[in-house]
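Read through the structure below, which is laid out as structure tokens, and then see the notes.
In each ligand, atom 1 is the first atom listed, and ligand 1 is the first ligand listed. Quick note: residue numbers are just sequence positions, from 1. These numbers come from a predicted model, not from an experiment.
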Amino acid sequence: MPTNRTFTMIKPDAVKDGHSGSIIKMIEAAGFRVVALKKTLLTPERAGEFYAVHSERPFYNDLCKYMSSGPIVPMILEKENAVADFRTLIGATNPANAAEGTIRKLFAISMEANAIHGSDSDENAQIEGSFFFAHVDQY
Ligand code: RTP
Ligand code: MG
């Protein structure tokens, strides 16, 4: 399996509740290398841009409001089979359905406030990483 990259954000609920450190520890323990990391805030407009793919979904407005409600921690991660393995590590979107030991099972509050994001394809990982970080191909 080739080494590749995925993109993640620790979402406002998990940052606010002080879980960033525990979540990063789980990510590193699972074999991911942190390529880029920062703590930042999205405006509702920037959140809308990030989630433009969901603009027709009923939860879109609430999602943009929630994702701009407090600081987030976006990261680019590297590992063999990064996208799929990271989706496994975070668990199902709805924490009620998330497997034991997953990040969402441990830290998510609800379907919306579900602690963490994970890209769903190599192509989106590249697009989403570039949304937050410049020049990452050089490191
Ligand atoms: P993510 O993109 O954050 O990794 O999550 P995902 O692929 O598991 O879920 P997706 O379908 O892409 O939805 C993006 C985020 O929107 C919120 N959501 N709320 N209230 C709802 O029915 C609902 N459905 C989705 C969640 O925060 C979800 O992670
Ligand atoms: Mg998604």
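Using a 4.0 Å cut-off between charged nitrogen and carboxylate oxygen, Asp120 and Arg87 do not count as a salt-bridge pair.
The ring-ring contact (aromatic ring centres under 6.0 Å, His included) pairs that include a residue from residues 67-107 are His19-Phe107, Phe32-Phe86, where partners are two or more places apart or lie in different chains.
Across all non-hydrogen atoms, the minimal contact from Tyr60 to Tyr51 is CE1-O, 3.3 Å.
Comparing Tyr60, Phe86, Phe59, Phe7 against atom 24 (N) of ligand 1, the shortest heavy-atom distance belongs to Phe59.
Just one of Val73, Asp17, Leu42, Ile72 meets the side-chain contact (heavy atoms from CB on, under 4.5 Å) condition when paired with Pro12; it is Ile72.
Those atoms of ligand 1 that come under 4.0 Å of a heavy atom in Thr93, given as number and element, are 6 (P), 8 (O), 9 (O), 28 (C), 29 (O). Numbered from 1 in the order shown, with element, the atoms of ligand 1 that lie under 4.0 Å from a heavy atom of Gly118 read 4 (O). Listed by number with element, the atoms of ligand 1 under 4.0 Å from a non-hydrogen atom of Asn114 are 26 (C), 27 (O), 28 (C), 29 (O).
At a threshold of 4.5 Å between non-hydrogen side-chain atoms, the residues Thr40 and Pro74 count as touching. Side-chain contact between Thr8 and Leu77 is present, with at least one heavy-atom pair separated by less than 4.5 Å.
Nearest protein heavy-atom contact of atom 27 (O) of ligand 1 is Glu112 O, 2.8 Å. Here the protein heavy atom with the shortest distance to atom 17 (C) of ligand 1 is Leu63 CD1, 3.7 Å. Considering only non-hydrogen protein atoms, atom 26 (C) of ligand 1 sits nearest to Met111 O, 3.3 Å. From the protein, the heavy atom lying nearest to atom 1 (P) of ligand 1 is His117 ND1, 3.1 Å. Summary of contacts: the protein heavy atom closest to atom 12 (O) of ligand 1 is His54 NE2, 3.0 Å.
Between Lys11 and ligand 1 there is a heavy-atom distance shorter than 4.0 Å. At least one heavy atom of Arg104 sits closer than 4.0 Å to an atom of ligand 1. Residue contact check for ligand 1: Arg87 places a non-hydrogen atom closer than 4.0 Å to it.
Pro71 is linked by a side chain to side chain contact (heavy atoms under 4.5 Å, CB included) to Val15, Lys39, Leu41, counting only residues two or more places apart in sequence or in another chain.
Here the side chain of Thr102 pairs no donor or acceptor atom with the backbone of Ala98 at under 3.5 angstrom.
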